Amino acid sequence: MAEEKSKRDENALIAERRRKLDALREAGNPFPNDFRRNALAEELLQSYDRHEDEYLREEDVRVSVAGRMMAKRVMGKASFIKLQDRTGQIQVRLERDRLPDDVYVAFKKWDVGDILGTSGALFKTKTGELTVMAEELRLLTKSLRPLPEKFHGLSDQETRYRRRYLDLIMNEDSRDIFRRRSAIIAYIRAFLDAQDYLEVETPMMQTTAGGAIARPFTTHHNSLDMSLFLRVAPELNLKRLTVGGFERVYEINRNFRNEGVSTQHNPEFTMLELYRAYADYEDLIAMIEAMLKGMSQSILGTEQVDYQGEHYDFGKPFERMTVEEVVLKFNPEFDSAKLRDRDYLADFARNLGIGVEHSYGSGKLLIEIFEKTGEDQLRQPTFVTQYPTEVSPLSRRNDDDLFVTDRFELFIGGREIANGFSELNDSEDQEERFRAQAANREAGDDEALQYDADYIRALEYGLPPTAGLGLGIDRLVMLLTNSPSIRDVLLFPHMRHEATP
RNA sequence: GGGGCGUUAGCUCAGAGGUAGAGCAUUCGGCUUUUAACCGACCGGUCCUAGGUUCGAUCCCUAGACGCCCCA
């Protein structure tokens with residue numbers, strides 16, 4: 001079956017190259033692995049591009065470079081090619097009479113996309129381009145599939161996502177996004193490591209899916225014959241570690257949520273979660289703001305972030321509003337005396353087209369109205385605080401106002417980037433909150449938190465006063481790479497099965 | 001879940017109810033400083049899939065697949 005498919009997949013271009021590969025096999029091993037380079041394209045440009053041709057010839061700078069042949073311009077007995085390595089491209093000049101016998105004739109059969117190694121001396125062409133004059137040239141890997149057209153490159157979105165390797169070969173912009181993603185994560189690690197945080201890894205497979213309000217994926221362990229959930233968050237395990245005395249912990253890893261796929265959502269996505277004992281949510285607000293400012297400066301070289309036609313100022317102090325303030329600001333007709341009046345909130349919500357369930361209390365209704373009318377308006381970096389207790393089952397209640405918790409979310413460009421709070425460390429209060437969630441579950445809410453008895457047991461040993469937060473890495477990378485879709489910042493985004501005609 | 005747009009050569013794209021087009025790539029020939037090299041010749045197609053309408057459908061209609069975007 002697979003064989004038939006691969007045969008159908010063959011076209012004349014591939015068949016031609018396969019014939020060339022057959023000929024190479026006749027002559028020896030077409031996949032040698034004994035060539036070693038001593039220079040990279042970008043390094044050479046940095047070191048030598050400022051020098052004149054005369055200087056280069058005098059110095060006789062001999063280098064070995066290797067990479068994928070991205071351009072091939074043959075002019076009879078001489079050619080120019082471009083080799084692309086991980087840093088960029090370097091031009092190579094081939095002259096038949098400077099190369100060993102027959103190498104140039106063989107080269108003429110090689111294709112754009114083949115991987116080559118070459119050695120020679122640097123010089124500059126008459127148009128001033130730094131170039132290697134080849135004295136040795138070897139084919140290191142034969143490429144059987146033709147690359148996209150050299151001028152327009154690969155622009156088909158679907159192919160770019162499905163064949164990321166091809167996208168990376170062809171699109172420097174795409175390579176840049178993933179280098180920047182790596183730099184962002186490295187920045188976070190350095191930032192936290194400098195504050196004595198311990199990086200940990202906790203299970204992806206859990207017997208109860210806790211720590212976030214979300215629908216989990218399920219799987220099954222055969223030899224133990226037990227159902228398992230892919231985690232929706234690492235939260236409860238990280239707090240268990242805080243109980244254990246790791247007072248500053250973080251994890252950067254994948255979460256899985258069995259929900260829709262969109263430009264903002266991928267079924268698996270990367271989160272930073274961290275916990276810090278003897279701190280409250282205000283400490284984390286200050287920390288995350290400092291981290292994002294420093295990150296922007298480090299990654300972009302500025303605290304001014306341009307994103308899809310909008311401009312976000314990371315330089316100014318981030319804005320602060322409570323949930324109730326947001327609701328009042330964007331709903332001028334809302335009666336500010338009735339922010340906690342369940343009947344008023346229910347009517348208001350229905351008028352907005354929100355489906356109101358009997359089980360919804362005023363906290364849930366308030367947050368529904370907030371999400372429907374406010375979130376999208378929060379363009380500049382804004383910390384929203386004082387989330388209702390009803391929708392914050394793991395957060396510590398506010399000392400002065402038990403209706404809300406000491407919780408914040410950070411919004412940028414209308415999107416939630418981070419969510420954090422002072423942790424609920426009263427095991428008896430947590431037990432009650434779990435029961436309330438369990439009741440919602442009974443009522444049919446399959447996103448409600450599952451009761452986690454061991455977590456209660458851990459809290460009973462004593463979780464020090466702690467604050468924690470989660471930060472969506474993918475959305476942050478989107479912001480700092482000006483990417484409109486989460487797929488642009490995931491190397492292998494989730495896609496449906498490829499269409500089979 | 002609803003709506004809009006798209007799917008044609010390896011890639012980027014035109015196109016019309018009646019034998020399917022271009023550029024690049026490939027193949028062959030020429031060319032020792034090119035920059036999307038150039039000049040000449042050739043080659044290359046399940047027009048996403050299945051049904052329907054029609055003398056005839058890749059084009060029109062219906063359904064589906066996949067992708068992009070918007071809304072819930």
Side-chain angles (χ1 to χ4, degrees), chain A residues 4-5 7-21 23 45 49 53 56-57 69-84 88-99 103-105 107-114 120-134 142-163 166-167 169-171 259-265 308 349-350 352-355 368 371-373 375-376 414 483-488 493-501:
Chain A
E4 272 178 40
K5 189 168 191 294
K7 268 182 188 155
R8 269 209 304 278
D9 215 15
E10 294 272 3
N11 64 32
L13 297 174
I14 296 175
E16 178 67 31
R17 290 185 179 207
R18 216 177 274 284
R19 279 194 292 277
K20 291 177 180 176
L21 176 58
L45 288 167
D49 201 35
D53 182 48
L56 292 170
R57 285 177 195 272
M69 178 160 61
M70 298 301 290
K72 183 185 183 196
R73 292 187 280 270
V74 178
M75 286 147 294
K77 297 176 190 65
S79 301
F80 285 101
I81 62 173
K82 288 253 166 111
L83 294 187
Q84 175 170 291
Q89 296 190 355
I90 183 82
Q91 182 166 261
V92 180
R93 176 164 171 87
L94 311 173
E95 294 183 6
R96 187 192 63 182
D97 299 336
R98 288 177 189 259
L99 286 162
V103 168
Y104 191 79
V105 174
F107 157 78
K108 282 195 169 183
K109 296 277 186 197
W110 300 348
D111 296 291
V112 170
D114 288 352
L122 290 175
F123 77 105
K124 275 200 166 174
T125 64
K126 69 180 185 188
T127 54
E129 180 161 352
L130 187 69
T131 304
V132 178
M133 182 66 80
K142 181 68 196 163
S143 169
L144 295 178
R145 289 178 180 267
L147 292 180
E149 188 242 347
K150 61 192 168 193
F151 186 51
H152 299 92
L154 178 67
S155 59
D156 182 75
Q157 287 276 34
E158 185 172 355
T159 309
R160 290 184 51 205
Y161 296 147
R162 288 192 194 277
R163 303 190 208 171
L166 191 56
D167 179 40
I169 290 170
M170 298 306 297
N171 294 318
E259 289 158 10
V261 177
S262 74
T263 52
Q264 310 297 319
H265 299 87
Q308 302 292 306
R350 281 193 203 95
L352 289 170
I354 295 167
E368 290 281 333
E371 287 177 358
K372 176 100 178 185
T373 62
E375 270 191 9
D376 198 44
S483 298
S485 169
I486 196 170
R487 294 189 187 97
D488 297 323
H494 178 79
M495 303 285 279
R496 290 172 192 272
H497 287 300
E498 217 167 335
T500 45

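Labels below follow one simple rule: chain letters A, B, ... track the order of the sequence lines, proteins then strands, and each chain is numbered from 1. These numbers come from a predicted model, not from an experiment.
- Pair assignment for B:G10: B:C24, on the basis of Watson-Crick or G-U wobble contacts that are both within less than 3.5 Å.
- Between the side chain of A:R17 and the backbone N or O of A:S143, at least one donor-acceptor pair lies under 3.5 Å.
- Applying the side-chain hydrogen bond (donor to acceptor under 3.5 Å, both in side chains) rule to A:Q157 yields the partners A:Y161; only residues at least two apart in sequence or on another chain are considered.
- A:R96 comes within 4.0 angstrom of nothing in the nucleic acid, heavy atoms only.
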- Item | Summary of protein contacts for nucleotides 67-72 of chain B, nucleotide by nucleotide, where a base hit scores B, a sugar-phosphate-only hit scores S (4.0 Å, heavy atoms) | SSS---

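- Judged by distance alone with a 3.5 Å cut-off, no donor-acceptor contact links the side chain of A:E129 to the base of B:U33.
- Backbone-only engagement by A:D156 is indicated by non-hydrogen atom pairs under 4.0 Å involving sugar-phosphate atoms exclusively.
- The phosphate of B:U35 has neither OP1 nor OP2 within less than 4.0 Å of any side-chain N or O from A:T127.
- Separating the P atom of B:A22 from that of B:C43 is a span of 11 Å, rounded to the nearest Å.
- For the side-chain contact (heavy atoms from CB on, under 4.5 Å) test, residues two or more places apart in sequence or in another chain that qualify with A:E259 are A:A214, A:R215, A:R257, A:E447.
- Within the 4.0 Å cut-off from OP1 or OP2 of B:A37, at least one side-chain nitrogen or oxygen of A:R73 is found.
- Between A:D167 atom CG and B:U12 atom P there is a gap of 11 Å when expressed in whole angstrom units.
- Following rounding to the nearest Å, A:M170 (CE) and B:A36 (P) show an atom-to-atom distance of 14 Å.
- Base-pair partner of B:U58: not found among the strands shown (Watson-Crick or G-U wobble, both distances under 3.5 Å).
- B:A9 and B:G15 are spaced 15 Å apart, taking the P atom of each and rounding to whole Å.
- Rounded to whole Å, the P atom of B:U53 lies 26 Å from the corresponding atom of B:G3.
- The base of B:U12 does not come close enough to the side chain of A:S155 for any donor and acceptor atom to sit less than 3.5 Å apart.
- For the side chain to side chain donor-acceptor pair (under 3.5 Å) with A:T131, the qualifying choice from A:K124, A:K82, A:Q91, A:R93 is A:Q91, the only one to do so.
- Atom C1' of B:A36 sits at a distance of 12 Å from the matching atom of B:U12, rounded to the whole Å.
- Following rounding to the nearest Å, A:I169 (CD1) and B:G10 (C1') show an atom-to-atom distance of 14 Å.
- Without hydrogens or angle criteria, A:D111 side chain to A:D114 main chain gives no donor-acceptor distance under 3.5 Å.
- Nearest-nucleotide assignment on RNA chain B puts the 5′-proximal partner with A:P148, out of A:P148 and A:R93.
- B:G1 and B:G64: their P atoms are spaced 12 Å apart (whole Å).
- To the nearest whole angstrom, the two C1' atoms, one in B:C13 and one in B:A25, are 15 Å apart.
- The interatomic distance linking A:N11 (CG) with B:U46 (C1') rounds to 14 Å, in whole Å.
- The 5' end of RNA chain B is approached more closely, in terms of each residue's nearest nucleotide, by A:M133 than by the other of A:M133 and A:V74.
- At whole-Å resolution of the value, CZ in A:F80 and P in B:A36 are 13 Å apart.
- Using a distance-only test at 3.5 Å, with no hydrogens or angles considered, a donor-acceptor pair links the side chain of A:K372 to the main chain of A:L352.
- For the P atom pair drawn from B:C47 and B:G18, the interatomic distance equals 16 Å after rounding to whole Å.
- Partners of A:E368 according to the side-chain hydrogen bond (donor to acceptor under 3.5 Å, both in side chains) rule, which considers only residues two or more places apart in sequence or in another chain, are A:K364.
- Residue contacts shown for A:F123 include a base, since a base heavy atom lies under 4.0 Å away.
- When rounded to the nearest whole Å, the span between NZ of A:K124 and P of B:U34 equals 16 Å.
- One interatomic measurement links the two molecules: CG of A:D97 to P of B:C31, which rounds to 13 Å at whole-angstrom precision.
- What separates NZ of A:K126 from P of B:U32 is a distance of 13 Å, to the nearest Å.
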Which side-chain N or O atoms in residues 69-77 of chain A pair as donor and acceptor under 3.5 Å with protein atoms at least two apart or in another chain?
from  : atom 1 : to     : atom 2 : distance (Å)
A:K72 : NZ     : A:K108 : O      : 2.9
A:K72 : NZ     : A:W110 : O      : 2.6

Atom pairs, N/O to N/O, protein against nucleotides 20-27 of chain B, distance under 3.5 Å?
from  : atom 1 : to     : atom 2 : distance (Å)
B:C24 : O3'    : A:K150 : NZ     : 3.2
B:A25 : OP1    : A:K150 : NZ     : 2.6
B:U27 : OP1    : A:K20  : NZ     : 2.4

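- Under the Watson-Crick or G-U wobble criterion, with both distances below 3.5 Å, B:C5 is paired with B:G67.
- Distance alone, capped at 3.5 Å, places no donor-acceptor pair between the A:E95 side chain and the A:R98 backbone.
- Between B:G52 and B:G67, the two P atoms lie 28 Å apart (nearest whole Å).
- With sequence neighbours excluded, the residues that form a side-chain contact (heavy atoms from CB on, under 4.5 Å) with A:N171 are A:L154, A:R160, A:D167, A:S174.
- Remark: A:T159 pairs with A:D156 by the side-chain hydrogen bond (donor to acceptor under 3.5 Å, both in side chains) rule, at least two apart or across chains.
- Every residue two or more places apart in sequence or in another chain was checked for a ring-ring contact (aromatic ring centres under 6.0 Å, His included) with A:F80, and none qualifies.
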